[in-house]
Amino acid sequence: MYLETPPRLIPTTIFSAMPEEFRRRGVRSDWADANRPGVPTDSFIEGPSFDAEGNLYIVDIPFGRIFRIAPDGAWSRVIEYEGWPNGLKIAKDGRILVADYMHGIMELDAKAGRITPVLTARNSESFRGCNDLHLASNGDIYFTDQGQTGLHDPSGRVYRLAPNGRLDCLIDTGISPNGLVLDPTESVLFVAMTRDNAVWRLPFMKDGSVSKVGRFCSLFGTSGPDGMTMDAAGRLFVGHASLGHVFVFAPNGEMIARIKSCAGPNCTNVAIGGATKDRLYITESATGSVLVADISEL
C-alpha cells in the first residue's frame with residue numbers, strides 16, 4: 001500500500017446534509033430491497049458533479065431523484081422520475097449526463113425538469129445496470145454496466161460511446177465495475193471493481209482498444225471501491241463504500257493519504273471543487289451527507 005511514508009490522515013467536515021423534507025423515512029423501494037436488504041434507506045445519494053456556477057448536483061438512487069445543492073448548502077429538487085439515477089457528470093458545455101441503473105445513459109435538462117434517453121441498449125440487448133460514467137475531452141462517454149456482477153459472475157462491462165454513436169465494449173470480464181476516470185493524458189482508464197475490492201488499470205492501444213489490463217491497487221472490506229476522480233497531478237481519489245474513507249493513490253499506485261469520513265461508512269463518490277480545485281466533496285450515502293476535505297497540501 002505504501003513504501004516509505006505512511007499515508008497522511010485528512011479530516012472531513014459536513015458541507016451539507018439532505019433536509020428532512022426530502023427524506024423518505026419508512027418508504028421501501030425495489031432498489032433498496034435488492035441492494036441494501038434489511039437496512040432502512042430514506043435516501044442513497046451518489047454522483048456528485050459541479051456546474052459552471054458552483055452548484056453541486058447529486059442523485060438519490062432508490063427514489064429516482066436528482067438534487068442541486070447551492071454553494072451555500074441549500075438543496076433543491078431538480079427532478080423526480082421513474083428510474084434509478086446512479087452516476088452523474090456535467091460536461092464543460094453544461095450538458096448533464098446520467099448513468100441510470102434502470103434505463104441506461106440519460107440526459108437531464110435541468111431548466112425544463114426533463115430527462116430523456118441517450119442510449120438504452122446495445123444491439124437490442126438492455127444493459128444490466130449502468131452505474132457511473134466519465135466524459136473525455138473529445139466527447140466520448142465512458143460508462144460501466146455493473147448489474148449484479150461480482151466474483152461469482154465476472155461479466156461486468158465497460159463501454160465507450162463516441163459522439164458519432166459508435167459503441168465499443170472495452171472489457172466484458174469486470175467484477176462489479178463501478179466508478180471510472182481517465183488519467184490526465186487520457187491514455188489510461190481506471191475502473192473501480194467493487195466486488196474485487198480493487199481498481200483496475202486499462203491502458204489504451206493505438207486502435208483505441210485496451211490490453212494488459214491489471215490491478216492498480218487492492219483494498220479490503222465488506223464492499224469495495226466506488227466512485228473515483230483524479231487531479232491534474234494524476235493522483236487517484238477512491239471512495240470506499242464500506243470503510244468510511246476516500247483513499248488517495250500516487251501515479252505509481254502508492255497510497256499517500258486517507259480522507260476519513262466524519263459521518264457514516266459509505267463514501268460512495270467524490271468530486272473536486274472549490275475556486276482553486278483544492279476541496280474534495282464526498283457523498284456519504286448512509287447519512288445522506290455531503291462531506292468536504294481540504295486537499296490543498298497533498
Side-chain angles (χ1 to χ4, degrees), residues 31 35 46-49 57-59 61 64 66 83-93 95-108 115-150 154-183 186-196 199-204 208-210 213 224-230 236 238-239 241 268-271 283:
W31 182 91
N35 294 281
E46 249 266 30
S49 188
Y57 281 70
I58 63 169
V59 304
I61 304 173
I66 297 175
W84 292 330
N86 204 123
L88 182 149
K89 289 293 185 297
I90 302 178
K92 291 182 179 179
D93 62 1
R95 188 183 186 198
I96 303 174
L97 292 163
V98 177
D100 186 292
Y101 192 93
M102 184 184 295
H103 300 300
I105 304 304
M106 312 287 282
E107 182 170 354
L108 171 67
I115 194 162
T116 54
V118 173
L119 183 71
T120 59
R122 179 192 186 220
N123 297 334
S124 77
E125 179 184 31
S126 299
F127 296 115
R128 295 184 171 196
C130 293
N131 184 290
D132 208 348
L133 70 168
H134 178 79
L135 309 181
S137 60
N138 66 354
D140 287 349
I141 302 169
Y142 291 83
F143 65 95
T144 51
D145 187 23
Q146 179 189 48
Q148 296 292 304
T149 60
S155 60
R157 298 166 184 169
V158 178
Y159 289 103
R160 177 179 55 222
L161 176 63
N164 65 4
R166 174 174 170 168
L167 181 65
D168 296 315
C169 182
L170 300 178
I171 60 171
D172 59 5
T173 56
I175 302 173
S176 192
N178 198 319
L180 68 173
V181 66
L182 289 167
D183 78 336
E186 300 193 338
S187 61
V188 176
L189 181 68
F190 292 86
V191 182
M193 295 291 178
T194 302
R195 305 305 164 191
D196 190 38
V199 176
W200 290 11
R201 183 179 182 273
L202 284 62
F204 291 118
S209 64
V210 298
V213 175
D226 200 321
M228 305 191 300
T229 192
M230 183 172 280
L236 182 66
V238 182
T268 54
N269 216 326
V270 290
T283 50

> Is there a side chain to side chain contact (heavy atoms under 4.5 Å, CB included) between R201 and L236 once you walk through the steps?
CA-CA 11 Å; R201 183 179 182 273; L236 182 66; over 6 Å; no
> Looking at R160 and D168, does any basic side-chain N land under 4.0 Å from a carboxylate oxygen?
yes
> Taking all heavy atoms of L88 and all of G47, pick out the closest pair and write down the distance.
CB-O, 3.6 Å
> What is the distance from atom CE of M228 to atom NE2 of H134, rounded to the nearest 0.5 Å?
9.5 Å
> Looking only at heavy atoms, which two atoms of L167 and R122 are closest? And how far apart?
CD2-CG, 3.6 Å
> Would you check if the side chain of T144 reaches a backbone N or O of N178 as a donor-acceptor pair within less than 3.5 Å?
yes
> Just so I know, are the side chains of Y57 and V98 near enough to count as touching, which here means a heavy-atom distance under 4.5 Å?
no
> Can you classify the ring geometry of F127 versus Y159 as parallel (below 30°), tilted (30 to 60°) or perpendicular (above 60°)?
perpendicular
> Contact between D226 and E46 at the side-chain level, heavy atoms closer than 4.5 Å - yes or no?
yes
> Closest heavy-atom contact between G104 and C130?
CA-SG, 3.9 Å
> Working to the nearest 0.5 angstrom, can you tell me the gap between D183 CG and F190 CZ?
6.0 Å
> Report yes or no: does D100 contribute a side-chain atom to a donor-acceptor pair with the main-chain N or O of M102 at less than 3.5 Å?
yes
> Does any non-hydrogen side-chain atom of E125 lie less than 4.5 Å from one of N123?
no
> Would you say the side chain of I171 lies within less than 4.5 Å of the side chain of V191, judging by non-hydrogen atoms?
no
> Just so I know, are the side chains of V59 and N86 near enough to count as touching, which here means a heavy-atom distance under 4.5 Å?
no
> For the atom pair OG (S176) and CG (N131), what is the distance rounded to the nearest 0.5 Å?
7.5 Å
> Work out which heavy atom in P177 is nearest to a heavy atom in Q146; give both atom names and the distance.
O-CB, 3.0 Å
> Atom CD1 of I115 and atom CE of M106: how far apart are they, to the nearest 0.5 Å?
4.5 Å
> Once rounded to the nearest 0.5 Å, what's the spacing between atom CG of L108 and atom CD1 of I66?
4.5 Å
> For I175 and P154, which heavy atoms make the closest approach, and how far apart are they?
CG1-CB, 3.8 Å
> Look at the side chain of T283 and the backbone N and O of N269, then say whether any donor-acceptor pair between them is shorter than 3.5 Å.
yes
> Could you check whether any side-chain heavy atom of W200 comes within less than 4.5 Å of a side-chain heavy atom of V158, counting everything from C-beta outward?
no
> Mind checking the CG-CD1 spacing from N35 to I61? Nearest 0.5 Å is all I need.
8.0 Å
> What closest approach, in Å, do L189 and Y142 show between heavy atoms, and which atom pair accounts for it?
CD2-CD2, 3.9 Å
> Checking T194 side chain against P225 main chain: does a donor-acceptor pair fall under 3.5 Å?
yes
> Using the rule side-chain contact (heavy atoms from CB on, under 4.5 Å), only one of I141, I90, L161 pairs with L97; which is it?
I141
> So, do L182 and M230 sit near enough that their side-chain heavy atoms are less than 4.5 Å apart?
no
